[in-house]
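Input: one structure, supplied below.
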Amino acid sequence: MPQDAFTIRRNAAELNGTLAGGRINRINQPSREELSLIIYTGKETVKLILNVNASECGVYFTENDRENPLVAPNFCMLLRKHLQSAEILAVETVGFERIYRFRLACVSDFSSCERILYAEIMGKYSNLILTENGTILGAMKTTSIDENCKRMIFAGAKYALPAPQDKADPQDFSALRTALTGFEGDPRALFLKVSGLAPATAEKIAETYRGGDYAKHVSNFIFRSPTAPCVLRREGKPVDFYAYSVTGAIPYATLSEAQTAFYRDKRAIKEFEELSRRLLSAINASVKKHEKRLGQILDKRRECENTEELRVKGELLTANLYRLERGLDACELENFYGGAPLKIALDSRITPAQNAQNYFKKYRKQKRTLEALIPQEQEAREELDYLQSLRAAVTSASTADDLKCAEEELGAAGILKAPQEKTRKKKAEIPFRAYEKAGFRIFAGRNNLQNDKLLKTGAPEDIWLHAQKYHSCHVLIRTEGRSVPEETLLFAAGICAKYSDGNGDRIPVDHCKLKYVKKPPKAKAGFVTYSDYKTVLVSPAED
């Protein structure tokens, strides 16, 4: 992303126009590398984000709220001590560096002074540093005396700028001309020889060169070209934001708006993917656990496959006691149940009658084992089927709300450890997915818990839909006593197919009146039985 000096200078000018003369009302630190300042500008209250995360670094306004920890981090407490109610004198950049300088007038009951908050936006080296009279009061990322580093960043040390790069400063026109002589129109040389330019910015400058004095063209682009903020997206995902016009990008009024949109969407995608991976990992671990349990049950069943044979041997021995003597290791008796004569192993230390009783004892034990294994096997298979429905809900999720509903269900089922509450704010209940087609309202559950709740909200004549032989969301068409047209039915079936684990373009979806759908007692969430249904073949609905 072009968080270079070219972009930062323009953004600082926008920030200064809005914030100069404003006062800091509140300071929060929602995450380890992000600070938020609530500032009253004299006209309105704005929220300024200062982020020094390597992949999200930037300074911009936002209206989005993030949860703050109940206990503020040390750096946040330090800023509250020194900057609460401070007046912003100016927002500047340091030379042509990627550093914001917030000059702040701080007045207390006992003193008044000017402090400077530096926001160094330099990728993995980004940092926030508070100074007074050139001395560091504190920093978000500090070093220690023991560390072998070029810059000392800790309370009490003198603030020093990062070591300069061996590149020409574009503010020095003669140095700029010398550096670019012989490299006209070469974006790589521009990036390597001129400080403060990202590769994308260097490419844009070279792309707009049409001949003539190259150094003058570069200088004019950097310092005099108009700002045209925009965000480039591909396949709905944010690629980058720019301070200049880019073909196919979405324009914004200010750089802050462009950055806010870019980082908001980027963070949402990242959080969505991370939550999806975490949920699938928990589901897969539980599936593995129950598959192992089912395997053990099936192994025990295989060990009990000869149960009836044990009974037959006991009965044959009992019927032939008069023919058998003590001390035999085995005998071969006619099988009056049919088939060839049956060879039976015996314990020579006990009597034939005792051998028969041993066979009956083994038979009864294996029979009890089988009787106990049948419900265990059924329970294990039901649990695996339930886990597959959870996996389908996660893999077909298209919004953060879908995943949050799945997370809630996993927590309720004990599959996922419930996260500790970071705030006292009560979570809002996530609604059903809602649609409308041809005047009919259509609702779809986001997880099995919502699927069950959806059944209770409908009327007997409403139309209920579910993918046939697949795990899917439950869909309900509110009929309000009207006949449902085919286009509405197919639309609802398409939603059902979309949020299922079915593959292909033709997925069978069953539909019937809600009065024919029953929830068996003690059944898993989302499990129902239904009758009097019809089936349609549909393609999954588009987004």
- Item | Donor + acceptor pair across side chains of Asp510, Gln468 (<3.5 Å) | yes
- Nearest heavy-atom neighbours spanning Thr488 and Ala438: OG1-CB, 3.5 Å
Under 3.5 Å donor-acceptor pairs involving side-chain atoms of residues 349-360, not counting sequence neighbours:
unit_1 : atom_1 : unit_2 : atom_2 : d
Arg349 : NE     : Asp347 : OD1    : 3.1
Arg349 : NH2    : Asp347 : OD2    : 3.2
Thr351 : OG1    : Gln354 : N      : 3.1
Thr351 : OG1    : Gln354 : OE1    : 3.4
Gln354 : OE1    : Thr351 : N      : 3.0
Asn355 : OD1    : Asp347 : N      : 2.8
Asn355 : ND2    : Asp347 : O      : 3.2
Asn355 : ND2    : Thr351 : O      : 3.1
Tyr359 : OH     : Ala345 : O      : 2.7

- Task: May I ask you to check if Arg311 and Tyr337 form a cation-pi contact, with NZ or CZ under 6.0 angstrom from the six-membered ring centre and within 45° of the axis?
- Result: yes
- Item | Residue pair Arg293 / Gln296, side-chain donor-acceptor N/O under 3.5 Å | no
- Item | Pairs satisfying salt bridge (Lys or Arg N to Asp or Glu O under 4.0 Å), at least one member in residues 331-345, at least two apart | none
- Report the residue from Val52, Leu50, Asn74 that forms a side chain to side chain contact (heavy atoms under 4.5 Å, CB included) with Met140. Val52
- Note on the structure: side-chain contact (heavy atoms from CB on, under 4.5 Å) filter on Arg381, not counting sequence neighbours, yields Leu294, Leu298, Glu377
- Query: Taking all atoms of both residues into account, what is the closest heavy-atom pair of Arg302 and Gly295, and its distance?
  - Reply: NH2-O, 4.5 Å
- Task: Tell me, please, which residues at least two apart from Gln378 pass side chain to side chain donor-acceptor pair (under 3.5 Å).
- Result: Glu382
- Message: Please list all pairs meeting salt bridge (Lys or Arg N to Asp or Glu O under 4.0 Å) that have one or both residues in residues 446-474, counting only residues at least two apart or in different chains.
- Response: Asp402-Arg446, Glu429-Lys453, Asp452-Lys519, Glu461-Lys513, Glu461-Lys515, Asp462-Arg478
- Using atom types as modelled and distance alone, determine if a side-chain donor or acceptor of Thr62 lies under 3.5 Å from a backbone N or O of Thr260. no
- Donor-acceptor side-chain pairing of Tyr263 and Asn51 below 3.5 angstrom: no
- Query: With distance as the sole test, does Ser281 use its side chain to make a donor-acceptor pair with the main-chain N or O of Arg278 at under 3.5 Å?
  - Reply: no
- Message: With a sphere of 6.0 Å drawn around NZ of Lys47, does it hold more than 12 non-hydrogen atoms of other residues, nucleotides or ligands?
- Response: yes
- Item | Other residues, nucleotides, ligands: >12 heavy atoms within 6.0 Å of Arg301 CZ | no
- In terms of ring plane angle, is the pair His466 and Trp464 parallel, tilted or perpendicular, where the classes change at 30° and 60°? parallel
- Query: More than 12 heavy atoms of other residues, nucleotides or ligands under 6.0 Å from CD of Gln29: is that the case?
  - Reply: yes
- Task: With sequence neighbours excluded, tell me which residues meet side-chain contact (heavy atoms from CB on, under 4.5 Å) with Arg482.
- Result: Phe440, Glu480
- Message: Tell me if a side-chain donor or acceptor on Arg433 pairs with a main-chain N or O of Gly445 at a distance below 3.5 Å.
- Response: yes
- If you draw a 6.0 Å radius around CG in Asn503, do more than 12 non-hydrogen atoms from other residues or ligands fall strictly inside? no
- Short N-O contact, Asp385 and Lys524, less than 4.0 angstrom: no
- Query: So does Glu34 pair up with Arg66, basic N to acidic O under 4.0 Å?
  - Reply: yes
